[in-house]
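In what follows, a structure is listed as C-alpha coordinates, so that the remarks can point back to it.
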Amino acid sequence: MKSISELSDMAGRVTLITGAAGYIGRAVSEAVAELGSNLILLDIDAGGLQKLSSQLSDKYGVNVEFLELDLADEHAIAEVPEFISDTMGRLDVLINNAAYVGTSDVSGWVTQFEEQSVGTWKQAMDVNLTSAFALSQSCVKLLRSSGNGAIINIGSIYGVYGPDLSLYEGTSMGNPAAYSVSKGGLLQLTRWLATVLGPDVRVNTLSPGGVYRSQPEKFCERYILRTPLARMANEEDFKGAVAFLASDMSSYVTGQNIMVDGGWGVW
Ligand SMILES: NC(=O)c1ccc[n+]([C@@H]2O[C@H](COP(=O)([O-])OP(=O)(O)OC[C@H]3O[C@@H](n4cnc5c(N)ncnc54)[C@H](O)[C@@H]3O)[C@@H](O)[C@H]2O)c1
(Lines give C-alpha, C1' and ligand atoms only; values in the text may rest on other atoms or scores of the structure.)
Protein backbone atom coordinates (compact mmCIF):
# COMPACT_ATOMS: atom_id res chain seq x y z
CA MET A 1 0.00 0.00 0.00
CA LYS A 2 1.34 3.45 -0.92
CA SER A 3 2.15 5.91 1.85
CA ILE A 4 0.65 9.39 1.99
CA SER A 5 3.99 10.85 0.90
CA GLU A 6 4.02 8.58 -2.16
CA LEU A 7 0.41 9.42 -3.02
CA SER A 8 1.06 13.16 -2.78
CA ASP A 9 4.33 13.03 -4.73
CA MET A 10 3.94 14.89 -8.04
CA ALA A 11 7.60 14.75 -9.11
CA GLY A 12 7.92 14.58 -12.90
CA ARG A 13 4.33 15.63 -13.51
CA VAL A 14 3.27 18.81 -15.27
CA THR A 15 0.49 21.14 -14.06
CA LEU A 16 -0.96 23.99 -16.12
CA ILE A 17 -2.55 26.76 -14.01
CA THR A 18 -4.58 29.56 -15.59
CA GLY A 19 -4.78 32.92 -13.83
CA ALA A 20 -1.51 31.87 -12.18
CA ALA A 21 -0.39 35.46 -11.59
CA GLY A 22 -3.44 36.21 -9.43
CA TYR A 23 -3.73 35.79 -5.66
CA ILE A 24 -5.22 32.29 -5.60
CA GLY A 25 -3.28 31.26 -8.72
CA ARG A 26 0.00 31.97 -6.94
CA ALA A 27 -1.00 29.91 -3.90
CA VAL A 28 -2.22 27.03 -6.06
CA SER A 29 1.00 27.10 -8.10
CA GLU A 30 3.07 27.01 -4.89
CA ALA A 31 1.10 24.03 -3.60
CA VAL A 32 1.71 21.81 -6.62
CA ALA A 33 5.32 22.99 -7.00
CA GLU A 34 5.99 22.00 -3.40
CA LEU A 35 4.74 18.49 -4.26
CA GLY A 36 7.34 18.40 -7.07
CA SER A 37 5.19 19.16 -10.11
CA ASN A 38 6.67 21.11 -13.02
CA LEU A 39 4.53 24.09 -13.95
CA ILE A 40 3.09 25.91 -16.91
CA LEU A 41 1.82 29.25 -15.66
CA LEU A 42 -0.74 30.97 -17.89
CA ASP A 43 -2.11 34.49 -17.49
CA ILE A 44 -2.73 37.72 -19.36
CA ASP A 45 -0.34 39.47 -16.94
CA ALA A 46 3.15 38.93 -18.39
CA GLY A 47 5.01 40.77 -15.60
CA GLY A 48 3.28 38.73 -12.89
CA LEU A 49 4.06 35.49 -14.70
CA GLN A 50 7.73 36.31 -15.12
CA LYS A 51 8.16 37.14 -11.44
CA LEU A 52 6.27 34.09 -10.19
CA SER A 53 8.04 31.69 -12.52
CA SER A 54 11.52 32.63 -11.33
CA GLN A 55 10.39 32.61 -7.68
CA LEU A 56 8.94 29.09 -7.97
CA SER A 57 11.80 27.54 -9.92
CA ASP A 58 14.31 28.97 -7.42
CA LYS A 59 12.32 27.89 -4.39
CA TYR A 60 11.23 24.40 -5.43
CA GLY A 61 13.75 23.42 -8.14
CA VAL A 62 10.97 22.47 -10.58
CA ASN A 63 10.80 23.39 -14.27
CA VAL A 64 8.55 26.37 -14.87
CA GLU A 65 7.34 27.72 -18.21
CA PHE A 66 4.97 30.61 -18.61
CA LEU A 67 2.54 31.60 -21.30
CA GLU A 68 1.03 35.06 -21.70
CA LEU A 69 -2.39 34.49 -23.22
CA ASP A 70 -5.87 36.02 -23.26
CA LEU A 71 -8.34 33.26 -22.42
CA ALA A 72 -11.10 35.17 -24.18
CA ASP A 73 -9.28 34.32 -27.43
CA GLU A 74 -10.34 30.84 -28.54
CA HIS A 75 -7.74 30.73 -31.32
CA ALA A 76 -4.96 31.34 -28.81
CA ILE A 77 -6.35 28.54 -26.61
CA ALA A 78 -6.20 26.13 -29.54
CA GLU A 79 -2.42 26.67 -29.69
CA VAL A 80 -1.78 25.80 -26.04
CA PRO A 81 -1.18 22.02 -26.60
CA GLU A 82 1.64 22.80 -29.05
CA PHE A 83 3.29 25.04 -26.44
CA ILE A 84 2.97 22.26 -23.85
CA SER A 85 4.38 19.62 -26.19
CA ASP A 86 7.28 21.87 -27.22
CA THR A 87 8.22 22.85 -23.67
CA MET A 88 7.27 20.07 -21.23
CA GLY A 89 6.18 17.25 -23.56
CA ARG A 90 3.33 16.16 -21.27
CA LEU A 91 0.42 17.41 -19.19
CA ASP A 92 -0.99 15.76 -16.08
CA VAL A 93 -3.13 18.41 -14.39
CA LEU A 94 -5.07 21.40 -15.71
CA ILE A 95 -6.31 23.97 -13.19
CA ASN A 96 -8.90 26.36 -14.65
CA ASN A 97 -8.50 29.19 -12.16
CA ALA A 98 -8.54 32.44 -14.18
CA ALA A 99 -11.66 34.55 -13.95
CA TYR A 100 -13.10 37.82 -15.05
CA VAL A 101 -13.92 39.37 -11.69
CA GLY A 102 -14.37 42.95 -12.94
CA THR A 103 -14.15 45.94 -10.62
CA SER A 104 -16.82 48.23 -9.22
CA ASP A 105 -15.95 50.93 -11.79
CA VAL A 106 -16.64 48.71 -14.84
CA SER A 107 -19.92 49.91 -16.30
CA GLY A 108 -22.69 47.25 -16.40
CA TRP A 109 -20.97 44.91 -13.92
CA VAL A 110 -21.36 45.66 -10.19
CA THR A 111 -24.73 47.34 -10.36
CA GLN A 112 -28.39 46.54 -9.91
CA PHE A 113 -29.84 43.82 -12.12
CA GLU A 114 -31.59 46.22 -14.51
CA GLU A 115 -28.24 47.84 -15.35
CA GLN A 116 -26.04 44.75 -15.70
CA SER A 117 -24.95 44.65 -19.34
CA VAL A 118 -24.89 41.84 -21.88
CA GLY A 119 -21.33 42.97 -22.71
CA THR A 120 -19.98 42.23 -19.21
CA TRP A 121 -22.10 39.05 -19.07
CA LYS A 122 -20.41 37.79 -22.25
CA GLN A 123 -16.97 38.77 -21.00
CA ALA A 124 -17.49 36.82 -17.78
CA MET A 125 -18.83 33.78 -19.65
CA ASP A 126 -15.91 33.86 -22.10
CA VAL A 127 -13.20 33.90 -19.47
CA ASN A 128 -14.83 32.01 -16.59
CA LEU A 129 -16.70 29.26 -18.42
CA THR A 130 -16.06 29.06 -22.16
CA SER A 131 -12.28 29.11 -21.71
CA ALA A 132 -12.48 26.21 -19.23
CA PHE A 133 -14.45 24.23 -21.81
CA ALA A 134 -12.11 25.17 -24.68
CA LEU A 135 -8.87 24.64 -22.76
CA SER A 136 -10.03 21.30 -21.34
CA GLN A 137 -10.97 20.24 -24.86
CA SER A 138 -7.69 21.35 -26.41
CA CYS A 139 -5.65 19.64 -23.66
CA VAL A 140 -7.69 16.44 -23.43
CA LYS A 141 -5.39 14.34 -25.62
CA LEU A 142 -2.39 15.18 -23.43
CA LEU A 143 -4.39 14.66 -20.23
CA ARG A 144 -5.71 11.29 -21.39
CA SER A 145 -2.21 10.04 -22.16
CA SER A 146 -0.87 11.16 -18.76
CA GLY A 147 -2.10 8.10 -16.89
CA ASN A 148 -2.87 10.47 -13.97
CA GLY A 149 -4.88 13.14 -15.77
CA ALA A 150 -6.88 15.58 -13.67
CA ILE A 151 -8.81 18.80 -14.24
CA ILE A 152 -9.60 21.15 -11.36
CA ASN A 153 -12.09 23.95 -11.97
CA ILE A 154 -12.04 26.83 -9.51
CA GLY A 155 -15.65 27.75 -8.76
CA SER A 156 -17.11 29.92 -6.01
CA ILE A 157 -19.73 29.80 -3.27
CA TYR A 158 -21.74 31.95 -5.71
CA GLY A 159 -21.82 29.06 -8.19
CA VAL A 160 -23.80 27.16 -5.58
CA TYR A 161 -25.79 29.76 -3.61
CA GLY A 162 -27.75 32.86 -4.49
CA PRO A 163 -26.34 36.16 -3.26
CA ASP A 164 -27.48 37.85 -0.06
CA LEU A 165 -27.36 41.47 -1.20
CA SER A 166 -27.74 42.77 2.37
CA LEU A 167 -24.05 41.91 2.85
CA TYR A 168 -23.12 44.70 0.45
CA GLU A 169 -25.44 47.44 1.71
CA GLY A 170 -23.69 50.78 2.10
CA THR A 171 -20.60 49.66 0.12
CA SER A 172 -19.62 49.89 -3.55
CA MET A 173 -19.48 46.09 -3.68
CA GLY A 174 -22.03 43.88 -5.42
CA ASN A 175 -22.68 40.51 -6.99
CA PRO A 176 -23.19 40.38 -10.77
CA ALA A 177 -25.47 37.64 -12.11
CA ALA A 178 -22.91 36.70 -14.78
CA TYR A 179 -20.24 35.83 -12.21
CA SER A 180 -22.56 33.47 -10.31
CA VAL A 181 -23.96 31.89 -13.44
CA SER A 182 -20.51 31.31 -14.95
CA LYS A 183 -19.43 29.56 -11.73
CA GLY A 184 -22.64 27.50 -11.64
CA GLY A 185 -21.88 26.48 -15.23
CA LEU A 186 -18.41 25.29 -14.19
CA LEU A 187 -20.02 22.90 -11.71
CA GLN A 188 -22.09 21.29 -14.42
CA LEU A 189 -19.09 21.24 -16.79
CA THR A 190 -17.25 19.37 -14.02
CA ARG A 191 -19.98 16.74 -13.73
CA TRP A 192 -20.33 16.42 -17.49
CA LEU A 193 -16.62 16.02 -18.07
CA ALA A 194 -16.20 13.64 -15.12
CA THR A 195 -18.56 11.12 -16.71
CA VAL A 196 -17.28 11.60 -20.24
CA LEU A 197 -13.52 11.66 -19.55
CA GLY A 198 -13.44 8.87 -16.96
CA PRO A 199 -11.61 6.66 -16.36
CA ASP A 200 -8.71 8.51 -18.03
CA VAL A 201 -9.13 11.97 -16.52
CA ARG A 202 -10.62 12.97 -13.16
CA VAL A 203 -12.52 16.27 -13.05
CA ASN A 204 -13.42 18.17 -9.87
CA THR A 205 -14.32 21.65 -8.67
CA LEU A 206 -12.87 23.57 -5.74
CA SER A 207 -15.29 26.31 -4.63
CA PRO A 208 -13.65 29.02 -2.51
CA GLY A 209 -15.45 31.28 -0.08
CA GLY A 210 -14.71 35.01 0.04
CA VAL A 211 -11.06 35.94 0.48
CA TYR A 212 -10.12 38.89 2.69
CA ARG A 213 -8.69 41.68 0.50
CA SER A 214 -9.27 44.78 2.64
CA GLN A 215 -12.97 44.94 1.76
CA PRO A 216 -15.05 47.52 3.67
CA GLU A 217 -15.33 46.73 7.37
CA LYS A 218 -19.15 46.59 7.26
CA PHE A 219 -19.04 43.89 4.61
CA CYS A 220 -16.38 41.85 6.43
CA GLU A 221 -18.29 41.96 9.71
CA ARG A 222 -21.50 40.74 8.07
CA TYR A 223 -19.65 38.09 6.07
CA ILE A 224 -17.87 36.75 9.16
CA LEU A 225 -21.12 36.58 11.15
CA ARG A 226 -22.48 34.20 8.48
CA THR A 227 -19.36 32.01 8.49
CA PRO A 228 -19.11 29.16 11.04
CA LEU A 229 -15.30 29.40 11.09
CA ALA A 230 -15.72 33.12 11.87
CA ARG A 231 -13.27 34.59 9.37
CA MET A 232 -12.85 35.29 5.69
CA ALA A 233 -10.54 33.01 3.67
CA ASN A 234 -6.90 33.60 2.84
CA GLU A 235 -5.10 32.17 -0.18
CA GLU A 236 -3.30 29.55 1.92
CA ASP A 237 -6.65 27.97 2.78
CA PHE A 238 -6.90 26.52 -0.74
CA LYS A 239 -3.51 24.83 -0.89
CA GLY A 240 -4.57 21.62 0.87
CA ALA A 241 -7.62 20.99 -1.31
CA VAL A 242 -5.63 21.66 -4.48
CA ALA A 243 -2.84 19.31 -3.37
CA PHE A 244 -5.50 16.65 -2.70
CA LEU A 245 -7.34 17.08 -6.02
CA ALA A 246 -4.19 17.36 -8.16
CA SER A 247 -2.33 14.36 -6.75
CA ASP A 248 -3.04 10.63 -6.40
CA MET A 249 -4.40 11.41 -2.91
CA SER A 250 -7.73 11.78 -4.73
CA SER A 251 -7.30 9.01 -7.31
CA TYR A 252 -10.87 7.69 -6.66
CA VAL A 253 -12.51 11.13 -6.59
CA THR A 254 -14.20 12.62 -9.65
CA GLY A 255 -17.19 14.84 -10.43
CA GLN A 256 -17.07 16.41 -6.95
CA ASN A 257 -17.19 19.94 -5.62
CA ILE A 258 -15.08 20.69 -2.56
CA MET A 259 -16.37 23.78 -0.76
CA VAL A 260 -13.50 25.57 0.97
CA ASP A 261 -15.68 28.24 2.51
CA GLY A 262 -15.33 28.13 6.29
CA GLY A 263 -18.75 26.45 6.43
CA TRP A 264 -20.60 29.33 4.70
CA GLY A 265 -23.11 26.91 3.15
CA VAL A 266 -23.93 24.62 6.06
CA TRP A 267 -26.59 26.69 7.87
N1 LIG B 1 -11.11 36.14 -4.30
C2 LIG B 1 -12.21 35.56 -3.86
O3 LIG B 1 -12.81 35.97 -2.86
C4 LIG B 1 -12.75 34.38 -4.61
C5 LIG B 1 -13.86 33.71 -4.06
C6 LIG B 1 -14.39 32.63 -4.74
C7 LIG B 1 -13.83 32.22 -5.92
N8 LIG B 1 -12.75 32.88 -6.43
C9 LIG B 1 -12.19 32.40 -7.70
O10 LIG B 1 -10.83 32.09 -7.54
C11 LIG B 1 -10.14 32.28 -8.78
C12 LIG B 1 -8.94 33.17 -8.60
O13 LIG B 1 -9.36 34.41 -8.07
P14 LIG B 1 -8.38 35.48 -7.42
O15 LIG B 1 -9.07 35.97 -6.22
O16 LIG B 1 -7.02 34.91 -7.32
O17 LIG B 1 -8.47 36.62 -8.53
P18 LIG B 1 -7.30 37.47 -9.20
O19 LIG B 1 -7.98 38.59 -9.92
O20 LIG B 1 -6.24 37.78 -8.20
O21 LIG B 1 -6.69 36.45 -10.27
C22 LIG B 1 -7.31 36.17 -11.49
C23 LIG B 1 -6.20 36.02 -12.52
O24 LIG B 1 -6.80 35.69 -13.77
C25 LIG B 1 -6.14 36.43 -14.78
N26 LIG B 1 -7.04 36.64 -15.91
C27 LIG B 1 -8.18 37.38 -15.93
N28 LIG B 1 -8.68 37.43 -17.17
C29 LIG B 1 -7.84 36.69 -17.96
C30 LIG B 1 -7.82 36.37 -19.34
N31 LIG B 1 -8.76 36.84 -20.18
N32 LIG B 1 -6.82 35.59 -19.81
C33 LIG B 1 -5.86 35.14 -18.97
N34 LIG B 1 -5.82 35.42 -17.66
C35 LIG B 1 -6.80 36.19 -17.15
C36 LIG B 1 -5.80 37.76 -14.12
O37 LIG B 1 -4.75 38.44 -14.82
C38 LIG B 1 -5.40 37.33 -12.72
O39 LIG B 1 -4.01 37.09 -12.62
C40 LIG B 1 -11.18 32.87 -9.74
O41 LIG B 1 -11.73 31.83 -10.52
C42 LIG B 1 -12.23 33.45 -8.81
O43 LIG B 1 -13.49 33.53 -9.41
C44 LIG B 1 -12.19 33.95 -5.80
Side-chain angles (χ1 to χ4, degrees), residues 10 13-20 24-25 28-29 31-32 37 39-42 67 69 71-85 88 90-100 122 124-161 178-208 238 241-260:
M10 293 185 71
R13 296 195 188 170
V14 176
T15 305
L16 166 58
I17 301 124
T18 72
I24 293 177
V28 162
S29 303
V32 288
S37 178
L39 304 172
I40 300 175
L41 309 175
L42 185 156
L67 181 57
L69 186 142
L71 287 165
D73 177 354
E74 63 181 281
H75 303 292
I77 290 177
E79 287 167 18
V80 172
E82 196 181 331
F83 177 84
I84 300 169
S85 300
M88 297 286 187
R90 62 180 291 148
L91 182 68
D92 301 283
V93 181
L94 166 64
I95 306 182
N96 290 308
N97 164 73
Y100 177 80
K122 284 185 175 165
M125 292 301 159
D126 278 355
V127 179
N128 303 4
L129 184 55
T130 309
S131 83
F133 162 78
L135 194 57
S136 302
Q137 188 183 56
S138 74
C139 292
V140 75
K141 199 170 163 201
L142 285 159
L143 288 168
R144 277 192 199 278
S145 54
S146 141
N148 304 286
I151 298 174
I152 304 170
N153 293 317
I154 305 297
S156 165
I157 49 172
Y158 292 120
V160 179
Y161 305 108
Y179 181 78
S180 287
V181 175
S182 67
K183 294 299 187 177
L186 271 183
L187 284 175
Q188 188 56 14
L189 180 65
T190 295
R191 287 186 281 261
W192 194 93
L193 287 175
T195 62
V196 172
L197 301 187
D200 303 333
V201 182
R202 300 181 299 105
V203 189
N204 292 288
T205 303
L206 188 172
S207 293
F238 310 116
V242 162
F244 172 70
L245 291 176
S247 70
D248 294 349
M249 300 261 280
S250 60
S251 56
Y252 199 52
V253 177
T254 197
Q256 302 305 305
N257 176 29
I258 300 189
M259 305 290 297
V260 184

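Values below: all heavy atoms of this structure, side chains included; hydrogens, waters and symmetry mates excluded. Numbers for residues simply follow the sequence, beginning at 1.
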>> Test your reading of the model: is there a side-chain donor-acceptor pair from Thr254 to the backbone of Ala194, 3.5 Å cut-off?
In response: no
>> Measuring from atom CD1 of Ile40 to atom CG of Leu67, what distance do you get when rounded to the nearest 0.5 angstrom?
In response: 8.0 Å
>> So which atom in Ala20 and which in Asn97 form the shortest heavy-atom distance, rounded to 0.1 Å?
In response: N-ND2, 4.5 Å
> Is the shortest heavy-atom distance from the side chain of Asn96 to the side chain of Ser131 under 4.5 Å?
Replying inline: no
> Where is the tightest heavy-atom contact between Tyr161 and Met259, given as atom of each residue plus distance?
Replying inline: CE1-CE, 3.7 Å
> Passes side-chain contact (heavy atoms from CB on, under 4.5 Å), Asn204 versus Ile258? Steps please.
Replying inline: CA-CA 8 Å; Asn204 292 288; Ile258 300 189; over 6 Å; no
>> Looking at Gly155, is its backbone amide N or carbonyl O close enough to the side chain of Ser207 to form a donor-acceptor pair, meaning the two atoms are under 3.5 Å apart?
In response: no
>> Working to the nearest 0.5 angstrom, can you tell me the gap between Phe133 CZ and Glu74 CD?
In response: 10.0 Å
>> Tell me every residue that passes salt bridge (Lys or Arg N to Asp or Glu O under 4.0 Å) with Asp200, counting only those two or more places apart in sequence or in another chain.
In response: Arg144
> Does any pair with a residue in residues 180-195 pass salt bridge (Lys or Arg N to Asp or Glu O under 4.0 Å), and if so which ones, sequence neighbours excluded?
Replying inline: none
> At their closest point, which heavy atom of Ile84 faces which heavy atom of Cys139, and how far apart are they?
Replying inline: CD1-SG, 4.0 Å
>> Minimum heavy-atom separation for Tyr179 and Asn128, please, with both atom names.
In response: CD1-ND2, 3.9 Å
>> Let me confirm one number: the CZ-OG distance from Arg13 to Ser37, rounded to the nearest 0.5 Å.
In response: 8.5 Å
>> Within this structure, what is the CG-OG distance for the pair Leu206 and Ser156, rounded to the nearest 0.5 Å?
In response: 11.0 Å
> Taking only residues two or more places apart in sequence, or in another chain, which ones meet Arg90 in a salt bridge (Lys or Arg N to Asp or Glu O under 4.0 Å)?
Replying inline: Asp92
>> Could you check whether any side-chain heavy atom of Val160 comes within less than 4.5 Å of a side-chain heavy atom of Leu187, counting everything from C-beta outward?
In response: yes
> At their closest point, which heavy atom of Val93 faces which heavy atom of Leu143, and how far apart are they?
Replying inline: N-CD2, 3.9 Å
Distance-only check: which donor-acceptor pairs under 3.5 Å involve side-chain atoms of residues 75-82, not counting sequence neighbours?
none

> With sequence neighbours excluded, what pairs up with Phe238 under the ring-ring contact (aromatic ring centres under 6.0 Å, His included) test?
Replying inline: none
>> Just to verify, which of Leu142, Leu94, Ile151 counts as forming a side chain to side chain contact (heavy atoms under 4.5 Å, CB included) with Leu16?
In response: Leu94
>> Quick check: do Val28 and Ile152 have side-chain heavy atoms less than 4.5 Å from each other?
In response: no
>> Is there a side-chain contact (heavy atoms from CB on, under 4.5 Å) between Leu69 and Phe83? Walk through the geometry before answering.
In response: CA-CA 11 Å; Leu69 186 142; Phe83 177 84; over 6 Å; no
>> So does Thr205 get a backbone contact from the side chain of Asn153, meaning a donor-acceptor N/O pair under 3.5 Å?
In response: no
>> On a heavy-atom basis, which atom in Ser146 and which in Leu91 lie closest, and how many Å separate them?
In response: CB-O, 3.3 Å
>> For Arg202, give me all partners under salt bridge (Lys or Arg N to Asp or Glu O under 4.0 Å), at least two apart in sequence or on another chain.
In response: none
> In Å and rounded to the nearest 0.5 Å, what is the OG1 to CD distance from Thr130 to Gln137?
Replying inline: 11.5 Å
>> Nearest 0.5 Å, please: how far is CG in Leu193 from CG in Leu186?
In response: 10.0 Å
